[in-house]
Amino acid sequence: QVQLVESGGGLVQPGGSLRLSCAASGIRFSVYAMGWYRQAPGKQRELVASITSNGTTKFADFVKGRFTISRDNAKNTVYLQMNSLKPEDTAVYYCNANIRTVAGLPINYWGQGTQVTVSS
């Protein structure tokens with residue numbers, strides 16, 4: 001069974017930091033691209049950051065310079081370091097694992113989400 005379990009969310013003040021973790025099991029972690037998405041109330045889910053199996057990273061414009069994504073294949077874990085948090089970062093953050101079949105079809109797995117609230 002595939003499981004992605006996020007942790008590390010919570011309540012922080014503007015300007016604060018959090019590190020989210022996503023522990024994966026049931027997949028060959030090292031060959032999957034990993035991503036962090038977020039969804040605020042009444043808003044669509046959006047990509048925050050991603051990291052490929054070879055370590056290439058990508059960030060949404062609204063988090064560039066503030067967030068970093070990393071992975072530890074030995075621990076089957078992907079991290080999202082969030083600095084200089086803003087109230088608009090408040091959302092449920094979801095971990096995603098993605099791979100494409102040899103035919104080019106995508107396979108996605110999702111975690112249950114962890115709440116991040118930025119408020120003074």
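Here, residue 1 is the first one in the sequence, and each next residue gets the next number.
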- Query: Does Gln39 offer a backbone N or O that forms a donor-acceptor pair with the side chain of Arg45 under 3.5 Å?
  - Reply: no
Got [X] and [Y] here, is their nearest side-chain heavy-atom distance under 4.5 Å?
{"X": "Gln112", "Y": "Glu6", "result": "yes"}
{"X": "Trp36", "Y": "Ile51", "result": "no"}
{"X": "Ser50", "Y": "Thr57", "result": "no"}
{"X": "Val116", "Y": "Leu18", "result": "yes"}
{"X": "Asn73", "Y": "Lys75", "result": "no"}
{"X": "Lys43", "Y": "Arg38", "result": "no"}
{"X": "Leu11", "Y": "Ser119", "result": "yes"}
{"X": "Asn83", "Y": "Phe67", "result": "no"}

- Task: For Gln3, look at atom CD and say whether over 12 heavy atoms of other residues, nucleotides or ligands are found less than 6.0 Å away.
- Result: no
- Message: Taking atom CD as the centre, does Glu88 end up with more than 12 heavy-atom neighbours from other residues, nucleotides or ligands that are less than 6.0 angstrom away?
- Response: yes
- Task: Take the angle between the ring planes of Trp110 and Tyr94 and call it parallel below 30°, perpendicular above 60°, tilted in between.
- Result: perpendicular
- Report the C-alpha distance between Arg71 and Phe29 in whole Å, list the side-chain angles of each, state the deciding distance to 0.1 Å, and finish with yes or no for side-chain contact (heavy atoms from CB on, under 4.5 Å). CA-CA 10 Å; Arg71 66 191 296 159; Phe29 180 82; 3.4 Å; yes
- Matching residue for Cys22 among Val5, Val78, Asn96, Thr114 - test: side-chain contact (heavy atoms from CB on, under 4.5 Å): Val78
- Full working for side-chain contact (heavy atoms from CB on, under 4.5 Å) between Tyr93 and Val48: CA-CA 9 Å; Tyr93 284 71; Val48 177; 4.1 Å; yes
- Go through the steps for Ser17 and Gln81 under the test side-chain contact (heavy atoms from CB on, under 4.5 Å), then give the verdict. CA-CA 8 Å; Ser17 298; Gln81 178 67 48; 4.0 Å; yes
- Item | Test log, rule side-chain contact (heavy atoms from CB on, under 4.5 Å), inputs Ser7 and Leu20 | CA-CA 6 Å; Ser7 62; Leu20 306 183; over 6 Å; no
- Message: For Phe59, give me all partners under ring pair (Phe, Tyr, Trp, His ring centres under 6.0 Å), at least two apart in sequence or on another chain.
- Response: none
- Query: Could Asp89 and Lys86 be called an ion pair, given the rule that one side-chain N must be under 4.0 Å from one carboxylate O?
  - Reply: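 Salt bridge absent between Asp89 and Lys86.
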